[in-house]
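What follows is a single structure, written as structure tokens, with notes after it.
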Amino acid sequence: MITGDKMALRAPEPCDVDMMFLLENDRSVWPHGRTRAPMSRQMLWEYVHNYDADILAAGQARMIIDIDGDAVGMVDLYDIDVLNRRAGVSIMIGKPYRNAGNGLAALKLLAEYAHKDLGLHQLWAVVSSDNAPSRALFAAAGYSVSGCLRSWVRVGEHYTDAYVHQLLLVEPR
């Protein structure tokens, strides 16, 4: 478990399936991610039970954001690139826990873990231009916009740009 002052990032447990089910099936966030289809509790239960703790070999990790024993969201490292020491980041916070600093605390705790424990050089996130809360969150966590991907995310019948946010965990020499 990765612990901070008031928060922990931990591996998913069977008791987290209902929270994961609600977040994964929240259609309001689908345009901002890679999912456009519902997930069943069974699918999530199997994911939790088959979770691979060797994240460098698996190339990804999902961690539950835990505050005082309550699962309030999830943060993912994905497309972990061992050679170039970088990983993508995504985050979802349950509606009752948004706008309270929980996302920022989770991203900071994740960055510390990625640097100290995994030896990663950088983290990155691709955020659609119309997702102002996530763009503000990554900026507050120290991520810099390093590029714009034009017409990158399909939302209904139109496309929106996306920004690449990067956080260098070790300053280049």
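All of these numbers come straight from a predicted model, not from anything done at the bench.
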With distance as the sole test, does Y143 use its side chain to make a donor-acceptor pair with the main-chain N or O of L123 at under 3.5 Å?
no

Check: V89 main-chain N/O paired with D76 side-chain donor or acceptor under 3.5 Å
no

Minimum heavy-atom separation for [X] and [Y], please, with both atom names.
{"X": "P12", "Y": "I64", "value": "CA-CG1, 3.6 Å"}
{"X": "A114", "Y": "L169", "value": "CB-CD1, 4.0 Å"}
{"X": "I67", "Y": "N102", "value": "CD1-OD1, 3.1 Å"}
{"X": "T160", "Y": "S128", "value": "CG2-CB, 4.1 Å"}
{"X": "L167", "Y": "A111", "value": "CD2-CB, 3.8 Å"}
{"X": "L120", "Y": "A87", "value": "CD1-CB, 3.9 Å"}

R62 and D16: salt bridge (charged side-chain N to carboxylate O under 4.0 Å, His left out), yes or no, with the steps?
CA-CA 12 Å; R62 166 160 288 174; D16 300 319; over 6 Å; no

Side-chain contact, heavy-atom cut-off 4.5 Å: I65 with M7?
yes

Is the shortest side-chain heavy-atom distance between M74 and M19 below 4.5 Å?
yes

Taking atom [atom1] of [X] and atom [atom2] of [Y], what is their separation to the nearest 0.5 Å?
{"X": "Q42", "Y": "F21", "atom1": "CD", "atom2": "CZ", "answer": "12.0 Å"}
{"X": "M63", "Y": "I91", "atom1": "CE", "atom2": "CD1", "answer": "10.5 Å"}
{"X": "R85", "Y": "H115", "atom1": "CZ", "atom2": "NE2", "answer": "8.5 Å"}
{"X": "H121", "Y": "D81", "atom1": "NE2", "atom2": "CG", "answer": "11.5 Å"}

Report, as yes or no, whether the 6.0 Å neighbourhood of atom [atom1] on [X] holds more than 12 heavy atoms from other residues, nucleotides or ligands.
{"X": "D68", "atom1": "CG", "result": "no"}
{"X": "N99", "atom1": "CG", "result": "no"}
{"X": "Y159", "atom1": "OH", "result": "no"}

Determine the interplanar angle of the H165 and F138 rings, folded into 0 to 90°, and report it as parallel if under 30°, tilted if 30 to 60°, perpendicular if over 60°.
tilted

When you group the ILVMFWY residues by side-chain heavy-atom contacts below 4.5 Å and let the links chain together, are [Y] and [X] in the same group?
{"X": "V48", "Y": "L77", "result": "yes"}
{"X": "L149", "Y": "V145", "result": "no"}
{"X": "L9", "Y": "Y51", "result": "yes"}
{"X": "L137", "Y": "Y163", "result": "no"}

Tell me, with the steps shown, if I55 and Q60 meet side-chain contact (heavy atoms from CB on, under 4.5 Å).
CA-CA 5 Å; I55 65 173; Q60 64 180 4; over 6 Å; no

Run the side-chain contact (heavy atoms from CB on, under 4.5 Å) test on R150 and D161 for me, step by step, so that the C-alpha distance in whole Å, both residues' side-chain angles and the decisive distance to 0.1 Å come before the verdict.
CA-CA 5 Å; R150 299 288 313 231; D161 295 346; 3.7 Å; yes

